[in-house]
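A quick note: this is a predicted structure, and the numbers were derived from the prediction, not measured.
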Amino acid sequence: MELIVLKNNVPLDKVSVDTTDTDEMHEIYVGRSEDCHVLIDDQLISRHHFVIKNENAQWYCEKLSQLGVVTLNGALVNKNQIQNGDEIKCGIYSIVVAGLTALGPGPEDMPTAAPVMEGVMEATAVVAPTADEIQETEIISNQNDLSTENNSGEDSVLGAFESHDQESFDNNTEDSFTDSNDNPDTEGENNFGGDLVSSEEYADQGFGGGEDGGNDQFGLAAIEQDESTRFFKAFVNYQLVLFGEHAPYDRFSVDQPEIFIGRDTKKCQIILNDPEVSSVHAVIKKNNIEVVLEDLNSSNGTILNGERINKASITAGDEFVIGSTSFTLEVKSDLLETEAERLMPVEAGQVIETEEIEEEEISLDGEEGINFDSDAPPEKSFIKRIWKNPAQRKKLIYGAVIFAAVMVLLPSEEEAPVKKAKVTKEAPATANQKVIPPELQNRRNQAYELGVSFFEQNKYFEALTQFQIVSDIDNEYKKIQTYLEQTKVALKRLDELEAQKRAEEDRIKTKKLIDELMVKAREAVKERNVMVAESYFSQITEKDPENIEVQQLKLELESWQKEEERKALAKAAAEASRKKMVDALSPGKTFYLKREWYRAILKLEEFLRLKGTDEDLVKEASDMLKDSRNQLASDIGPLIGKARSLKEGQDLKTAYETFLEILKIEPTNSEALNEVDDIRNTLESRSKRIYREAIIAESLSLFSDAKEKLQEVQQISPTDSEYYKKASDKLKNYLE
């Protein structure tokens with residue numbers, strides 16, 4: 001036979017298997033285990049994914065794994081007949097079958113009995129049922145696929161087990177042989193009360209499918225899940241042990257194909273009045289093969305042995321948590337309870353030390369190094385090599401059955417001597433082994449479940465407390481070290497996230513404060529309040545040195561300041577110019593206010609001669625000038641008329657004085673200037689003549705005449721005249 005392996009339709013490998021011996025039973029295994037004929041190294045492929053084997057002159061493909069999908073020419077495979085050219089697919093891998101050997105008639109029936117092979121099978125602690133029960137017992141295979149078609153020779157022996165109480169089997173159809181690593185309470189103890197035989201030893205002794213994962217001849221099935229192999233047997237009851245505040249029972253018997261768990265009283269068999277539990281939270285499904293726990297998309301999830309799962313097989317000792325309620329699966333056997341007195345007792349919690357005995361490879365029927373398939377990896381175990389040979393395997397099975405029947409027929413008080421191929425003996429706990437009292441075990445288990453629950457809810461501080469309790473009691477319990485490490489990592493990450501959160505809160509708080517300051521700064525800039533705006537700028541820059549808007553506002557404010565400075569300078573210059581103009585107008589205005597019209601006119605005329613003078617000042621000066629001239633004219637007019645009249649009346653001196661008064665008012669009055677000069681000259685000549693006459697009279701001692709003459713000079717001479725002064729001086733002497 002040739003098997004062509006393809007990955008994504010690209011040829012990957014070609015495996016040839018010698019199947020020319022049609023009398024031999026061939027089993028070609030495909031999977032990722034190293035003992036498979038076709039090795040596929042992929043985590044999505046099970047250790048033994050499927051097997052190609054011959055039965056009843058036909059070739060079949062049988063799926064072994066509960067995981068993944070296997071298809072034959074597009075159809076799902078359970079156990080399907082195959083032919084040349086068929087394509088078997090599992091995931092991205094395809095196996096094309098070629099060169100199938102044509103098979104003859106099916107294998108002949110084997111004898112109904114065979115002697116026990118010496119040196120092959122030795123007694124273990126497992127004790128078979130009594131002779132009466134052998135006549136009434138029917139072995140029900142977990143796969144339910146044993147029939148008279150497969151091994152007619154075997155049926156003659158197994159037929160003795162066909163009439164046990166069927167009603168008890170309807171409810172009790174499974175028993176499990178499983179390692180108890182996850183359940184310390186059952187460590188070292190199997191379901192029959194005897195010394196524990198591991199799954200590998202069990203397969204070596206001919207009681208299981210071993211690594212083949214196929215059906216044995218006692219109704220035992222090997223079901224592969226992850227990296228472990230679990231064995232199940234009939235005659236068992238499953239019970240759930242409940243613990244928690246909301247647990248409605250202490251124990252619940254799993255006696256239905258499906259048991260629903262949740263808050264819905266109509267749909268669920270186990271009702272948990274817990275707010276953390278969904279209406280229909282999970283379901284437990286039981287069949288002849290296994291018990292499956294499936295989460296029904298609940299919001300808080302289902303935790304199995306410390307891990308959150310979607311769907312998983314469970315076995316004795318497994319613990320799962322829903323909400324705040326924990327469940328533990330226990331397996332009980334009615335058959336074992338009835339035969340409890342005949343079984344070898346093993347105390348619960350007993351520590352068993354296994355002494356490993358090296359097996360010698362011996363020959364059977366003169367053959368050495370039996371190898372049934374040159375392409376398959378050689379088996380190290382002698383028992384496994386026998387088990388793979390169909391003829392010798394049947395002999396081994398018949399011998400085991402007969403031996404078990406003999407053991408049952410012996411009187412119960414006379415126990416047959418027990419021989420052991422591999423010795424398992426009770427030994428006291430060594431110094432390195434830690435014996436944990438039951439109360440501490442309960443405390444450890446509860447703390448573990450609580451810690452896992454807290455871990456799943458991201459309550460890492462509470463989880464760390466519970467995990468630390470578990471570690472203090474038993475630091476090797478389940479996955480406690482992994483959980484501790486993950487919890488510490490999670491707490492560290494929480495601290496980092498908290499620091500980031502605080503930093504983000506500070507950033508948001510700072511941003512909010514900056515936004516508030518920016519609003520105030522914009523308002524201050526709008527109002528051109530430089531001092532306040534600069535204060536806000538300083539506060540914002542301290543918290544956000546690279547704030548762009550602050551720089552823009554600063555530029556805007558600086559531009560405004562420069563414009564204001566320019567305006568101020570221009571205003572100052574304008575004010576200075578105005579002041580200069582006002583100062584220039586001030587003298588004329590002052591004289592105008594003092595009613596000194598002539599001087600006011602002079603200053604106002606001088607101001608109006610200036611260039612670039614403001615219009616309002618020019619107008620003001622012009623108005624004052626016009627008024628001054630009018631006022632001056634009104635003041636001088638009467639004096640001019642008076643002076644003219646006096647002159648005409650020959651009162652020259654008074655006319656002279658009037659004209660002088662006019663000149664005081666208007667020094668540039670031409671008429672007054674001319675008249676003053678004329679009258680002065682006239683009066684001057686008159687005064688000169690009369691003064692001389694006074695001097696002559698005085699020289700003649702005519703003092704009275706002289707005095708009169710001098711007085712006349714005073715009368716006719718202007719007061720500012722030289723002769724007026726001389727006459728006045730002379731008259732002083734006369735007065736004395």
Side-chain angles (χ1 to χ4, degrees), residues 1-107 143 145 149-150 209-215 221-227 229 371-379 384 387-390:
M1 179 190 298
E2 290 185 350
L3 300 175
I4 303 171
V5 184
L6 301 93
K7 181 179 181 181
N8 291 324
N9 298 321
V10 178
L12 188 66
D13 195 7
K14 182 178 180 181
V15 179
S16 297
V17 182
D18 183 10
T19 58
T20 56
D21 188 355
T22 58
D23 293 333
E24 183 180 356
M25 180 177 178
H26 297 282
E27 293 180 343
I28 298 100
Y29 287 90
V30 178
R32 77 168 187 275
S33 178
E34 294 182 357
D35 61 358
C36 291
H37 300 81
V38 179
L39 177 61
I40 301 177
D41 187 12
D42 193 319
Q43 292 298 321
L44 298 178
I45 303 299
S46 299
R47 293 174 59 248
H48 298 94
H49 207 76
F50 65 89
V51 63
I52 298 174
K53 61 184 178 180
N54 58 324
E55 290 183 6
N56 300 327
Q58 299 293 338
W59 287 97
Y60 292 91
C61 173
E62 182 178 355
K63 181 184 176 185
L64 300 177
S65 173
Q66 298 294 316
L67 304 176
V69 175
V70 179
T71 61
L72 175 62
N73 299 327
L76 293 176
V77 170
N78 186 14
K79 182 177 181 183
N80 297 33
Q81 185 177 346
I82 61 173
Q83 298 177 356
N84 277 320
D86 284 350
E87 181 183 18
I88 305 171
K89 293 196 69 172
C90 47
I92 61 175
Y93 297 93
S94 303
I95 292 91
V96 178
V97 181
L100 279 179
T101 305
L103 302 177
Q143 298 291 349
D145 59 359
E149 295 178 0
N150 294 337
E211 295 180 359
D212 295 341
N215 296 337
I223 303 300
E224 179 181 24
Q225 185 175 355
D226 299 332
E227 296 297 332
T229 302
N371 185 6
F372 298 106
D373 193 341
S374 58
D375 290 337
E379 294 287 356
K384 290 183 179 180
W387 187 259
K388 284 192 174 183
N389 187 307

If you measure from the Lys or Arg side-chain nitrogens to the Asp or Glu carboxylate oxygens, is any gap between K79 and E55 under 4.0 Å?
-> yes
dist R47:CZ -> L39:CG (nearest 0.5 Å) comes out at 12.0 Å
Backbone N/O of C61 and side chain of N80: donor-acceptor pair under 3.5 Å: no
Residues at least two apart in sequence or cross-chain that pass side chain to side chain donor-acceptor pair (under 3.5 Å) with D86, listed by chain then number, are N73
Nearest heavy-atom approach of M1 to L100 is CE-CD2, 3.1 Å
G74 and T71 have their tightest heavy-atom pair at C-CB, 4.1 Å
Salt bridge (Lys or Arg N to Asp or Glu O under 4.0 Å) filter on E2, not counting sequence neighbours, yields K14
Open item on the list: Please check: side-chain N/O of D13 versus main-chain N/O of V15, any donor-acceptor pairing under 3.5 Å?
Closed with: no
Exercise for the section: Would you indicate whether the side-chain heavy atoms of L6 and V96 approach each other to under 4.5 Å? Expected result: yes
Nearest heavy-atom contact between E24 and N54 is O-ND2, 3.0 Å
Practice prompt. In sequence, state the C-alpha distance, the side-chain angles, and the governing distance for Y93 and L12, and then conclude on side chain to side chain contact (heavy atoms under 4.5 Å, CB included).
Written response: CA-CA 9 Å; Y93 297 93; L12 188 66; 4.2 Å; yes
CD1 (I88) and CD1 (I82) are apart, to the nearest 0.5 Å, by 5.0 Å
d(K63 NZ, S46 OG) to nearest 0.5 Å is 8.0 Å
* To do: Return the orientation label for the H37 and Y29 ring planes: parallel under 30°, perpendicular over 60°, tilted otherwise.
  => parallel
Sorted by chain and residue number, the side-chain contact (heavy atoms from CB on, under 4.5 Å) partners of L44 (sequence neighbours excluded) come out as D42
With distance as the sole criterion, is a donor-acceptor pair present between the side chains of H48 and D35 under 3.5 Å?
yes
Problem set entry | Presence of salt bridge, K89 and E87, under 4.0 angstrom | no
In this structure, CD of Q58 is separated from NZ of K53 (nearest 0.5 Å) by 14.0 Å
Given F50 and V77, is the side chain to side chain contact (heavy atoms under 4.5 Å, CB included) satisfied, shown in steps?
CA-CA 9 Å; F50 65 89; V77 170; over 6 Å; no
Shortest non-hydrogen pair, G31 vs C36, comes out as N-SG, 3.6 Å
Nearest heavy-atom contact between I52 and W59 is CG2-CE3, 4.0 Å
*side chain to side chain contact (heavy atoms under 4.5 Å, CB included) assessment of I4 paired with I95*: CA-CA 5 Å; I4 303 171; I95 292 91; over 6 Å; no
Shortest non-hydrogen pair, C90 vs V70, comes out as CB-CG2, 4.4 Å
Take V51 and I28, measure what side chain to side chain contact (heavy atoms under 4.5 Å, CB included) needs, and give me the verdict at the end.
CA-CA 5 Å; V51 63; I28 298 100; 5.7 Å; no
